[in-house]
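What follows is a set of notes on a single structure, which appears directly below.
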Amino acid sequence: MNTRAEAVAALVDRIGHDFRDPALLERALTHSSVGEGADKAAGRPARHNERLEFLGDRVLGLLVADRLHRDLPEADEGELSSRLHALVDKSACGRVGERMGVGLALRLSPGETKTGGRRKEGVVADAMEAILAAVWLDGGVEAARAVFDRAWAEELAAPAPRALNNPKSALQEWSQGQGRALPAYRVTGQTGSDHAPTFTVEVSIPGLEPLTAQGRSRQDAEKAAATAMLKREGVI
């Protein structure tokens with residue numbers, strides 16, 4: 001057994017799912033750098049993981065939202081949104097993938113391998129999302145939920161950063177620390193009925209690109225917008 005085959009076998013053990021269709025896992029581990037001509041000798045194009053990563057991103061969001069809704073019955077939408085963003089972002093997925101040993105199991109082009117692709121956060125994160133999608137397609141929602149609960153256990157147990165508890169104050173403090181003006185919030189839209197509205201709020205700081213987010217109340221939308229800007233600027 002070669003080094004990569006050993007890494008794939010170890011990864012399967014950590015995933016804890018017995019794939020009925022092992023080709024799904026192989027596709028999830030195949031980076032786009034492999035290229036369409038990689039399987040030319042076999043008379044077929046390579047099937048890389050970008051489509052699975054697209055699906056996995058949505059699967060992960062659903063599983064995180066469901067878990068938070070059950071675990072935090074008193075949290076408002078703003079807090080739930082903040083915690084969701086922290087659990088689904090590339091940094092979190094990259095950490096999960098690193099702990100699972102995804103890097104060594106990846107199928108990469110020689111060029112991507114030489115540039116350290118097995119250790120790149122984005123490459124590992126995308127593959128981790130693709131793996132979750134592969135499990136979803138192979139075993140259904142409960143299989144994906146079981147893998148998520150195991151793989152994201154450490155991320156779920158970690159305390160929420162202070163900025164996620166009060167993102168508007170954190171953004172204000174950061175902006176002032178950068179010598180910038182205070183953040184300004186503006187409602188740019190409202191949809192839905194009077195009983196269940198959805199607000200769209202724009203947050204702006206001079207010198208930075210404005211950013212919008214949504215929430216069931218103006219306050220929730222402002223918190224979500226502040227959190228998104230903190231994440232975009234690399235503060236959290």
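- Of all heavy-atom pairs spanning Ala226 and Tyr185, the tightest one is CB-OH, 3.6 Å.
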(request) Walk me through it: do Asp71 and Arg67 pass the test salt bridge (Lys or Arg N to Asp or Glu O under 4.0 Å)? (result) CA-CA 6 Å; Asp71 288 358; Arg67 176 68 179 266; 2.5 Å; yes
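- Residue Arg51 places its CZ atom among 12 or fewer non-hydrogen atoms of other residues, nucleotides or ligands, all under 6.0 Å distant.
- Residues Val64 and Ile131 are members of one and the same hydrophobic cluster, defined by side-chain heavy-atom contacts under 4.5 angstrom among Ile, Leu, Val, Met, Phe, Trp and Tyr.
- Within the 4.5 Å cutoff, the side chain of Val201 has no heavy atoms near those of the Arg186 side chain.
- With hydrogens and angles ignored, the 3.5 Å screen pairs no side-chain donor or acceptor of Ser32 with any backbone N or O of His48.
- The CG atom of Leu63 sits 11.5 Å away from atom CG of Leu87, with the distance rounded to the nearest 0.5 Å.
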(message) The test is side-chain contact (heavy atoms from CB on, under 4.5 Å); show your working for Trp136 and Leu62 and say whether it passes.
(response) CA-CA 12 Å; Trp136 173 285; Leu62 173 63; 4.0 Å; yes
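- Remark: Leu137 CG to Arg20 CZ distance equals 10.5 Å, nearest 0.5 Å.
- The closest side-chain heavy-atom distance from Glu50 to Phe54 is not below 4.5 Å.
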(request) Show the numbers, then the answer: is there a salt bridge (Lys or Arg N to Asp or Glu O under 4.0 Å) between Arg47 and Glu26? (result) CA-CA 9 Å; Arg47 305 187 73 183; Glu26 182 66 9; over 6 Å; no
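- For the pair Gly117 and Leu106, the tightest heavy-atom approach, listed with the atom from each and the gap, is O-CD1, 4.4 Å.
- Applying the side-chain contact (heavy atoms from CB on, under 4.5 Å) test between Lys168 and each of Glu173, Glu222, Gln219 identifies Glu222 as the sole match.
- Annotation for Asp13: atom CG counts as buried by contact number, over 12 foreign heavy atoms lying within 6.0 Å.
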(request) Step by step, work out the side-chain contact (heavy atoms from CB on, under 4.5 Å) result for Gln176 and Trp174. (result) CA-CA 5 Å; Gln176 289 178 309; Trp174 174 80; over 6 Å; no
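- The structure places CG of Leu60 at 8.0 Å from CG of Leu84, a figure rounded to the nearest 0.5 Å.
- Dense packing is recorded around CD of Gln190, with more than 12 heavy atoms of other residues, nucleotides or ligands lying under 6.0 Å away.
- Counting only heavy atoms from C-beta outward, the side chains of Leu230 and Pro167 approach each other to under 4.5 Å.
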(request) Go through the steps to decide whether Leu29 and Arg4 satisfy the test side-chain contact (heavy atoms from CB on, under 4.5 Å), and finish with yes or no. (result) CA-CA 11 Å; Leu29 294 171; Arg4 178 173 179 262; 3.9 Å; yes
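- Between the side chain of Asn49 and the main chain of Ala28, a donor-acceptor pair closer than 3.5 Å is present.
- Within 6.0 Å of the CZ atom in Arg180, the count of heavy atoms belonging to other residues, nucleotides or ligands exceeds 12.
- The nearest pair of heavy atoms linking Arg107 to Val34 is O-CG2, 3.4 Å.
- Hydrophobic cluster membership differs between Leu104 and Val124, with clusters built from Ile, Leu, Val, Met, Phe, Trp and Tyr side chains linked at under 4.5 angstrom.
- Of the options Leu11, Val123, Val96, Val8, a side-chain contact (heavy atoms from CB on, under 4.5 Å) to Val102 is made by Leu11 and by none of the others.
- Remark: side-chain polar atoms of Arg218 are not paired, donor with acceptor, to backbone N or O of Val187 under 3.5 angstrom.
- Remark: side-chain polar atoms of Asp138 are paired, donor with acceptor, to backbone N or O of Asp21 under 3.5 angstrom.
- Under the 4.5 Å side-chain heavy-atom criterion for Ile, Leu, Val, Met, Phe, Trp and Tyr, Val141 and Met128 are members of the same hydrophobic cluster.
- Residues Ala92 and Ala86 approach most closely at CB-O, 3.4 Å, considering heavy atoms.
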(message) Set out, in order, the CA-CA distance, both residues' side-chain angles and the distance that settles side-chain contact (heavy atoms from CB on, under 4.5 Å) for Val135 and Leu25, then state yes or no.
(response) CA-CA 8 Å; Val135 174; Leu25 177 61; over 6 Å; no
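- Formation of a donor-acceptor pair under 3.5 Å by the Ser175 side chain with backbone atoms of Leu171 is not found in this model.
- Contact between Gln172 and Leu182 at its shortest, heavy atoms only, is CG-CD2, 3.4 Å.
- Judged by distance alone, with hydrogens and angles left aside, the side-chain atoms of Arg27 form no donor-acceptor pair with the main-chain N or O of Leu52 at under 3.5 Å.
- Put simply, CG on Leu208 and CD on Glu233 are 5.0 Å apart, with the number rounded to the nearest 0.5 Å.
- Of the N and O atoms on the side chains of Thr188 and Glu202, not one donor lies less than 3.5 Å from an acceptor on the other residue.
- Cluster membership for Val88 and Val235, using ILVMFWY side-chain heavy atoms within less than 4.5 angstrom, is not shared.
- Atom-to-atom distance recorded for Leu156:CG and Arg150:CZ is 13.5 Å, nearest 0.5 angstrom.
- To the nearest 0.5 Å, atoms CZ (Phe199) and OG1 (Thr212) are separated by 15.0 Å.
- A salt bridge links Lys90 and Glu53; the closest N-O separation between the charged side-chain nitrogens and carboxylate oxygens is under 4.0 Å.
- A side-chain hydrogen bond (donor to acceptor under 3.5 Å, both in side chains) with Glu112 holds for exactly one of Arg118, Lys120, His31; it is Lys120.
- Remark: Arg95 does not engage Glu98 in a salt bridge, criterion side-chain N to carboxylate O under 4.0 Å.
- Here the closest heavy-atom approach between residue Cys93 and residue Ala125 is recorded as CB-CB, 3.6 Å.
- Electrostatic pairing of Arg70 and Asp66 counts as a salt bridge here, judged by a charged N lying under 4.0 Å from a carboxylate O.
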